[in-house]
Enquirer: 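Mind having a look at this structure? Questions to follow.
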Amino acid sequence: MSEYYQIAVDGPSGSGKSTLAKGVAKKLGILYLDTGAMYRACGLKALKSGIGTKDKDAVEKMMQDIRIDITHEDGSQHVWLDGEDVSSDIRTPEVSMAASDVSAIPCVREAMVDLQRKISEGKNVILDGRDIGSKVFPNAKYKFFLVASAEERARRRLLELQEKGNTEVTYEEVLSDIEKRDLQDSTRAASPLVKVDDAIEIDTTKIDIEETQDLLLSYIKE
Ligand code: DC
């Protein structure tokens with residue numbers, strides 16, 4: 001067995017995975033890898049290239065000539081697409097949907113999973129995503145599956161967007177996007193979002209981020 005360990009945090013959009021994983025990484029002094037950001041970079045490239053985000057052939061061609069790099073500065077992850085820092089450009093509702101679209105295409109998943117394993121090599125790491133416990137690291141030492149009601153997740157996502165200055169988007173739009181992505185991410189053929197049997201489920205609907213973090217850490221200490 002490897003001397004390093006992985007913590008897998010999976011769950012649907014807005015369940016609180018990234019804030020939680022980031023906080024736990026800081027507390028434990030380990031690497032945090034936001035895998036959704038990688039699919040978002042692929043989605044952004046498809047949008048920029050003007051190709052259909054569900055067009056398998058065009059996306060496959062695009063993936064032959066894509067460069068995604070991940071760097072970390074003061075605990076914050078930066079995502080680089082073809083040499084450009086796109087860390088904030090990938091946080092729009094349009095890119096969220098594009099990421100969900102391209103993430104259903106097997107060659108995109110293969111490339112991103114390879115990259116995630118490569119970055120995690122020789123390190124203790126906490127990763128958040130949809131397929132970490134099922135596909136990327138099926139032997140992860142700890143596996144968590146976060147859930148929350150769609151309404152609560154939409155409320156959080158809206159707040160996040162508003163804090164970033166996006167005041168045009170409405171609650172109804174955010175909720176509809178979340179429901180659409182939930183369906184698409186959990187029904188795709190390639191590595192769908194699924195709770196594996198050995199994952200611990202945490203419902204974050206009624207608990208805040210600090211309580212969620214304490215709960216997760218209590219399982220790790222056990
Ligand atoms: O976690 P996120 O919202 O940033 O992810 C954006 C999209 O990327 C999500 O709708 C599905 C996809 N994704 C995935 O398929 N597998 C992952 N490990 C992470 C994200």
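Every number for a ligand or one of its atoms is a count from 1 in the order of the listing.
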Enquirer: Do Asn124 side-chain atoms and Tyr5 backbone N/O form a donor-acceptor pair below 3.5 Å?
Expert: yes

Enquirer: Quick one, Glu60 with Lys56, criterion salt bridge (charged side-chain N to carboxylate O under 4.0 Å, His left out). Give me CA distance, side-chain angles, the key distance, then yes/no.
Expert: CA-CA 6 Å; Glu60 268 174 14; Lys56 188 167 168 276; 3.4 Å; yes

Enquirer: Relative to the heavy atoms of Ser100, which atoms of ligand 1 are at a distance of less than 4.0 Å?
Expert: 10 (O)

Enquirer: Run the numbers for me: atoms of ligand 1, each under 4.0 Å from some heavy atom of Arg181, listed by number.
Expert: 3 (O), 5 (O), 6 (C), 7 (C), 9 (C), 10 (O)

Enquirer: I need the atoms of ligand 1 closer than 4.0 Å to a non-hydrogen atom of Arg109, numbered in the order shown.
Expert: 14 (C), 15 (O), 16 (N)

Enquirer: So is Gln116 close enough to ligand 1, meaning a heavy atom under 4.0 angstrom away?
Expert: no

Enquirer: Using a 4.0 Å cutoff against the non-hydrogen atoms of Ser103, which atoms of ligand 1 qualify?
Expert: 11 (C), 12 (C), 15 (O)

Enquirer: Just jot down the ligand 1 atoms closer than 4.0 angstrom to any heavy atom of Asp185, in number order.
Expert: 9 (C), 10 (O), 11 (C)

Enquirer: With distance as the sole test, does Arg188 use its side chain to make a donor-acceptor pair with the main-chain N or O of Ser191 at under 3.5 Å?
Expert: yes

Enquirer: Of all the atoms in ligand 1, which lie at a distance below 4.0 Å from a heavy atom belonging to Gly129?
Expert: 17 (C), 18 (N), 19 (C)

Enquirer: Polar-atom distance check: Asp131 versus ligand 1, any N or O pair below 3.5 Å?
Expert: yes

Enquirer: Based purely on interatomic distance, does Tyr39 place a nitrogen or oxygen under 3.5 Å from a nitrogen or oxygen of ligand 1?
Expert: no

Enquirer: Which one of Ala99, Ala98, Ser18, Cys42 has a non-hydrogen atom at the shortest distance from atom 7 (C) of ligand 1?
Expert: Ala99

